[in-house]
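Notes follow the structure.
Both counts, for ligands and for their atoms, begin at 1 and track the order of listing.
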Amino acid sequence: MASVVVIGTQWGDEGKGKIVDLLAEHADVVIRFQGGNNAGHTMVIRGEKFINHLVPSGILQNKICVLGNGMVVDPAVLLKEIDFLASKGIATGPDRIRISEIAQLIMPYHQRIDLAREEKKGAQQIGTTGRGIGPAYEDKVARRGIRFVELLEPETFERMVRMILEEKNFYLQNYFNAQPLDAESVIRQYREFAERLAPYVTNVSLVVDTAVKRRQRLLFEGSQGTHLDIDHGTYPYVTSSNTLAANACCGTGLGPKKITDIIGIVKAYTTRVGKGPFPTELTDAIGTHLQEKGAEFGSTTGRRRRCGWLDAVILRNAVRLNGVTGLAITKLDVLDGLESLKICTGYDYRGQILDVVPASLKVMEECRPVYETLPGWAENISGINRFSRLPKSVKSYLRRIEELTGVPIDIVSVGPDRDQTIVIKNPYVRKTAARKPAARKK
Ligand code: GDP
Ligand code: IMO
Ligand code: MG
């Protein structure tokens with residue numbers, strides 16, 4: 001029985017949705033364990049595109065999809081997503097989708113505070129998705145959050161909303177000069193959500209435990225990326241949850257020893273949405289080329305993603321922090337036609353070469369990437385479905401990533417569609433002969 005965790009190794013949007021959808025074919029249960037609708041996970045099946053923000057990316061494979069307790073859930077967005085999927089003929093009933101009774105709710109004041117705070121910060125803003133994620137996690141930690149279990153107890157819910165709104169409205173009006181919220185209309189709106197979502201709400205740790213006991217195959221879907229992690233990311237330019245593989249346990253109630261594989265998704269170059277340090281960012285024609293060819297617009301907010309070369313310092317950080325056992329390289333086709341490619345192997349900080357990400361933002365901002373150059377390829381690789389058929393320079397680029405990270409590449413993605421994927425080693429198929437990982441080299 002395999003329990004596989006899929007996480008992003010960079011700053012999000014690595015293609016987690018595509019890889020989770022692909023692996024979900026072999027899984028029984030697919031579980032999201034953190035984040036909320038700041039995530040935008042894209043799946044393309046025979047040309048048809050789906051972007052999920054809350055429902056796990058196993059839904060198109062007709063698997064049981066679970067929203068874990070580590071998530072913050074906006075019920076309005078969830079219902080919209082369920083309705084959209086159902087309109088496409090996809091099964092979205094309570095036998096397919098399960099929601100943790102102890103997952104936190106995103107409330108209208110969370111989103112209002114998120115937006116007001118970003119506006120007030122002006123140039124100092126983080127560039128959040130404006131979905132209320134940070135304020136919802138703040139309330140969780142401050143022990144004034146509302147969970148699904150309270151949503152389903154009308155009296156408790158009403159009492160909590162009235163009490164919390166007193167404080168939130170004071171903050172909104174007096175600090176941000178923003179509009180207050182009316183308790184009665186919030187209660188009315190959420191009563192409707194409660195009625196519709198009640199059949200989906202359950203004890204997720206039991207769902208997970210039952211699956212483990214039945215020796216079913218679990219697939220945990222991370223959101224955001226390693227460097228957006230609240231502890232280990234480029235703080236404060238991060239999201240408000242732990243995005244690392246370890247949170248697959250806390251965010252669902254799974255015991256750590258049950259995880260068997262950790263797949264790190266690596267975009268063949270680097271992107272970032274929102275503010276924050278990005279040493280390999282390209283503001284030249286190549287950056288624009290990657291942005292355009294890679295269609296690098298945020299799946300959630302539509303913002304233009306910043307683009308740059310692959311950064312092995314970031315990747316090594318991710319491998320260490322997550323205990324990555326295999327890599328999935330995505331968007332390799334976007335590099336088609338570039339004469340040469342660069343990989344950052346270290347950071348030059350005032351003449352000293354750093355090979356780990358510095359904690360200080362000030363140091364990070366002064367870091368200059370140290371590059372090595374590899375040959376590019378002229379071929380269009382988006383139709384190639386066998387590793388052996390990839391051009392020589394593609395193989396050397398991949399080999400170099402294995403060397404720099406010390407982790408084998410298990411999956412190579414050469415286009416957005418589910419079918420445009422080369423699977424070298426499937427974590428659910430134990431018999432597949434693994435290629436020998438390259439020894440880690442600097
Ligand atoms: P996620 O948040 O990690 O799931 O990634 P997003 O869905 O936000 O962004 C990844 C984008 O790249 C989506 O538009 C995908 O359809 C697309 N994509 C994924 N893999 C590939 C690939 O191998 N090649 C190309 N060209 N696009 C890809
Ligand atoms: P997926 O799962 C890329 C970024 C935002 C912002 C910072 C904080 O699709 O990879 P938040 O709204 O979470 O408080 O914003 O984090 N961010 C993402 N960037 N992909 C995501 O999710 C992201 N979720 C949040 O742009 O910089
Ligand atoms: Mg995304």
Side-chain angles (χ1 to χ4, degrees), residues 6-22 32 34-45 47-54 56-57 71-72 74 106 110-111 113-115 117-118 125-138 221-230 233-241 243 264-269 271-278 290 292-306 328-336 380-382 384 411-422:
V6 169
I7 50 90
T9 57
Q10 294 152 319
W11 280 287
D13 304 326
E14 296 90 350
K16 299 174 292 292
K18 169 176 170 164
I19 302 299
V20 168
D21 165 72
L22 179 90
R32 277 242 349 233
Q34 47 73 230
N37 58 315
N38 47 350
H41 294 182
T42 314
M43 298 157 282
V44 182
I45 289 88
E48 193 177 3
K49 187 170 173 172
F50 294 83
I51 301 176
N52 279 12
H53 302 287
L54 288 168
S57 305
M71 292 184 72
V72 286
D74 185 329
I106 293 188
H110 291 136
Q111 193 180 11
I113 291 169
D114 193 0
L115 294 169
R117 202 181 267 161
E118 285 282 282
Q125 64 178 216
I126 286 169
T128 72
T129 58
R131 302 299 194 257
I133 306 297
Y137 276 115
E138 282 170 40
E221 175 177 4
S223 302
Q224 290 77 56
T226 299
H227 297 89
L228 288 172
D229 182 275
I230 184 71
T234 45
Y235 191 90
Y237 296 99
V238 293
T239 190
S240 297
S241 65
T243 59
I265 314 295
V266 176
K267 194 179 282 189
Y269 48 97
T271 62
R272 174 161 206 167
V273 215
K275 299 251 190 156
F278 180 176
L290 293 173
E292 285 170 1
K293 181 131 197 252
E296 295 293 354
F297 290 99
S299 318
T300 296
T301 56
R303 289 177 292 175
R304 199 174 264 269
R305 293 176 183 148
R306 300 154 66 193
I329 311 294
T330 61
K331 305 196 87 160
L332 198 55
D333 55 301
V334 176
L335 302 180
D336 288 357
N380 172 348
I381 63 166
S382 63
I384 298 181
I411 298 171
V412 178
S413 170
V414 294
D417 216 280
R418 189 191 277 165
D419 293 339
Q420 291 174 294
T421 323
I422 303 168

Any N/O of Ser240 closer than 3.5 Å to an N/O of ligand 2?
no

With the criterion set at N/O pairs under 3.5 Å, what does the list of contacts between the protein and ligand 1 look like, atom names and distances included?
unit_1, atom_1, unit_2, atom_2, d
ligand 1, 2 (O), Asp13, OD1, 3.3
ligand 1, 2 (O), Gly40, O, 2.9
ligand 1, 3 (O), Glu14, N, 3.1
ligand 1, 3 (O), Gly15, N, 2.8
ligand 1, 3 (O), Lys16, N, 2.7
ligand 1, 3 (O), Lys16, NZ, 2.8
ligand 1, 4 (O), Lys16, N, 3.3
ligand 1, 4 (O), Gly17, N, 2.8
ligand 1, 5 (O), Gly15, N, 3.3
ligand 1, 7 (O), Thr42, N, 2.9
ligand 1, 7 (O), Thr42, OG1, 2.5
ligand 1, 8 (O), Asp13, OD1, 2.9
ligand 1, 8 (O), Gly40, O, 2.9
ligand 1, 8 (O), Ser299, OG, 2.7
ligand 1, 8 (O), Arg305, NH2, 3.1
ligand 1, 12 (O), Lys331, NZ, 2.9
ligand 1, 23 (O), Lys331, N, 2.9
ligand 1, 23 (O), Ser413, O, 3.2
ligand 1, 23 (O), Ser413, OG, 2.5
ligand 1, 23 (O), Gly415, N, 3.1
ligand 1, 23 (O), Gly415, O, 3.3
ligand 1, 24 (N), Asp333, OD1, 2.7
ligand 1, 24 (N), Gly415, N, 3.4
ligand 1, 26 (N), Asp333, OD2, 2.8

Sub-4.0 Å heavy-atom contact, Thr300 with ligand 2:
no

Min heavy-atom dist Gly127 to ligand 2 below 4.0 Å:
yes

Kindly confirm or rule out an N or O of Gly130 lying under 3.5 angstrom from an N or O of ligand 2.
no

Residue of the set Arg32, His41, Lys16 for which side-chain hydrogen bond (donor to acceptor under 3.5 Å, both in side chains) holds with Glu221
His41

Based purely on interatomic distance, does Ala39 place a nitrogen or oxygen under 3.5 Å from a nitrogen or oxygen of ligand 2?
no

Under the salt bridge (Lys or Arg N to Asp or Glu O under 4.0 Å) test, residues paired with Arg305 that sit two or more places apart
Asp13, Glu296

Quick look: Thr301 vs ligand 2, heavy-atom contacts under 4.0 Å, and the answer is neither

Ignoring angles and geometry beyond distance, decide whether Thr129 reaches within less than 3.5 Å of ligand 2 through its nitrogen or oxygen atoms.
yes

Quick one: which of Thr234, Asn38, Leu228 has a heavy atom closest to atom 18 (C) of ligand 2?
Leu228

Which is closest to atom 1 (P) of ligand 2 in terms of heavy atoms, Glu118, Gln224, His53, Glu14?
Gln224

I'd like to check which ligand 2 atoms, numbered from 1 as shown, lie under 4.0 Å from a non-hydrogen atom of Ser223.
2 (O)

Which of the protein's N, O or S atoms come within less than 2.8 Å of the Mg ion (ligand 3), not counting waters?
Asp13 OD1, Gly40 O

Salt bridge (Lys or Arg N to Asp or Glu O under 4.0 Å) with Glu138: which residues, sequence neighbours excluded?
Arg117

For Trp11 against Thr234, the heavy-atom pair lying closest together:
NE1-OG1, 3.3 Å

I'd like to know if the side chain of Thr301 pairs up with that of Arg303 as donor and acceptor (distance under 3.5 Å, no hydrogens or angles considered).
yes

If every non-hydrogen atom of Gln10 is compared with every non-hydrogen atom of Glu14, which pair is closest and at what distance?
N-OE2, 2.9 Å

Just heavy atoms, cut-off under 4.0 Å: does Lys16 contact ligand 2 by side chain, backbone, both, or neither?
side chain

Donor + acceptor pair across side chains of Gln224, Thr239 (<3.5 Å)
no

Quick one: does Tyr237 get a heavy atom under 4.0 Å from ligand 2?
no

N/O to N/O below 3.5 Å, does that happen between Arg131 and ligand 2?
no

Atoms in ligand 2 flagged as close to Val238, the criterion being non-hydrogen separation under 4.0 Å:
7 (C), 8 (C)

Measuring from the heavy atoms of Ser299, does anything fall under 4.0 Å of ligand 2?
no

Mark the output for Arg303 as yes if a heavy-atom distance to ligand 2 is under 4.0 Å, and as no if none is.
yes

